[in-house]
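Working notes, beginning with the structure itself.
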Number of protein chains: 2
Amino acid sequence: MNPDATDRQLMKLLQQNAQLTIKEMAARVNLSVTPVHDRIRKLEKEGYIERYVCLLNRRKLGKNLLVYCNITLDKQRKESFEEFNEAVGQMPEVLECCVVSGSFDYLLKIVVDDVEAYNQFYQQNLSVLKSVLHISSFFVMSQVKSTTELPLE
Amino acid sequence: MNPDATDRQLMKLLQQNAQLTIKEMAARVNLSVTPVHDRIRKLEKEGYIERYVCLLNRRKLGKNLLVYCNITLDKQRKESFEEFNEAVGQMPEVLECCVVSGSFDYLLKIVVDDVEAYNQFYQQNLSVLKSVLHISSFFVMSQVKSTTELPLE
DNA sequence: CTGAATAATAGAAATTTTTTCTGTAATTAT
DNA sequence: ATAATTACAGAAAAAATTTCTATTATTCAG
């Protein structure tokens, strides 16, 4: 049921490069293809592996600006949270959105072409939401680290 | 040189599911296998596609706590930034780290098992850094949205 | 225009990979 | 102890990727 050391090794490999062949992975964990194949299918079936994706280069795509954004909602209106969650789900520029403890409500990660595009997004998509009380934006100057790889002890 | 509508369509598909076969993608963009194969290789070669990874379920792995963390460095010490960047690169718990404009210096995304594990990480890895002047942590209560998919107009 | 050069495409062949199948060894449970 | 389950290896079958060949579009210089 619980992934053993070999399973974790396989997950680690797949987190780094999902294009490794089963044969290559088998060699690295000192097994034949069959058990490696079966283990990966099992990890998928049991939900440890959620999906396989490709990661694109945002610079190449002209998405030169990354913005983190703190948002406070109007808590008087009880529909605020649902409304806001729903809206954010529809916005392709918002890559991450979570409710956080502390002095504000939401933290958003937003990707756009440039400052102008952000301003437009801000005016037309964020500030128009009735549920939004206050927004403060932080522009990313440089990305020191960015990974999707979860630590596997 | 620049990706056309078909290339963008392929990138979009691969961002959502990197396990689609060339045949399946070919059907969706109304082409045969060859051009789709060539286009994808070209997107990889030119750096639009950076890598293929699998995304794991952090809950399943017991990583139940996500923390965003603002850090201010001691700017008197000019080696501060290099030291800090280097240190963060070595920490598997830190998934993202960037330099931001505004009232603090760094924004970090950190994944750990629980509050206790975070406290341990905080004490043993963050606060010990001589370059760190101030830290404030925000615990994620709920993830409304989380995607690696960049918008492709 | 026109013809040469380049780029994009389709279809088929070759290669590689994934998946399935069969059987054996190891482990677990009763 | 023995039956049942699980993990594994090797081989066969199926499917996918990659390469090859040839044709059709497109671009560009004269």
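Lettering follows sequence order; numbering is per chain, from 1.
Taken together through direct or relayed side-chain contacts under 4.5 Å among Ile, Leu, Val, Met, Phe, Trp and Tyr, Val100(B) and Ile71(B) form parts of separate hydrophobic clusters. Linking Ile, Leu, Val, Met, Phe, Trp and Tyr whenever their side-chain heavy atoms come within less than 4.5 Å puts Phe81(A) and Val144(B) in one cluster.
For the pair Lys60(A) and Tyr48(B), the cation-pi test (distance below 6.0 Å, angle within 45°) is passed.
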Tabulated below should be each protein N or O lying under 3.5 Å from an N or O of nucleotides 28-30 of chain C; please produce it.
none

Any N/O pairs under 3.5 Å between the protein and nucleotides 5-8 of chain C? List them or say none.
none

Scan nucleotides 12-22 of chain D against the protein and return all N/O pairs shorter than 3.5 Å with their distances rounded to 0.1 Å.
residue : atom : partner  : partner atom : Å
dT17(D) : OP2  : Ile22(B) : N            : 3.1
dT18(D) : OP2  : His37(B) : NE2          : 3.3
dT18(D) : OP2  : Arg41(B) : NE           : 3.3
dT18(D) : OP2  : Arg41(B) : NH2          : 2.2

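Remark: Ile40(B) CD1 to Leu14(B) CG distance equals 5.0 Å, nearest 0.5 Å.
Gln16(B) and Tyr52(A) share no donor-acceptor pair across their side chains, judged by distance under 3.5 Å alone.
Heavy-atom neighbours of Lys75(A) NZ from other residues, nucleotides or ligands within 6.0 Å: above the threshold of 12. The local environment of NZ in Lys12(A) is sparse, with at most 12 non-hydrogen atoms from other residues, nucleotides or ligands closer than 6.0 Å.
In this structure, Leu55(A) belongs to a hydrophobic cluster whose other members, linked by side-chain heavy atoms under 4.5 Å apart, are Val53(A), Val53(B), Leu55(B).
Here the P atom of nucleotide dA7(D) and the CD1 atom of Ile40(A) are 15 Å apart, to the nearest Å. Between the C1' atom of dC8(D) and the CG atom of Asn30(A) lies a distance of 14 Å, rounded to the nearest Å. Rounded to an integer number of Å, the gap from Tyr52(B) OH to dT17(C) P is 16 Å.
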>> Between Arg58(A) and Gln143(A), does the side-chain hydrogen bond (donor to acceptor under 3.5 Å, both in side chains) criterion hold? Intermediate values first, please.
In response: CA-CA 12 Å; Arg58(A) 75 177 164 86; Gln143(A) 262 184 304; 2.9 Å; yes
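Electrostatic pairing of Arg39(A) and Asp4(A) counts as a salt bridge here, judged by a charged N lying under 4.0 Å from a carboxylate O. Residues Lys109(B) and Glu96(A) are paired through a salt bridge, judged by an N-O separation under 4.0 Å between the basic side chain and the carboxylate.
Taken over five-pair windows at either terminus, the axes of the helix from dC1(C)-dG30(D) to dT30(C)-dA1(D) are inclined to one another by 40° (rounded to 10 degrees).
Aromatic rings of Phe139(B) and Tyr118(B) (six-membered ring for Trp) have centroids within the 6.0 Å cut-off, being under it.
Applying the ring-ring contact (aromatic ring centres under 6.0 Å, His included) rule to Phe84(B) yields the partners Tyr106(B); only residues at least two apart in sequence or on another chain are considered.
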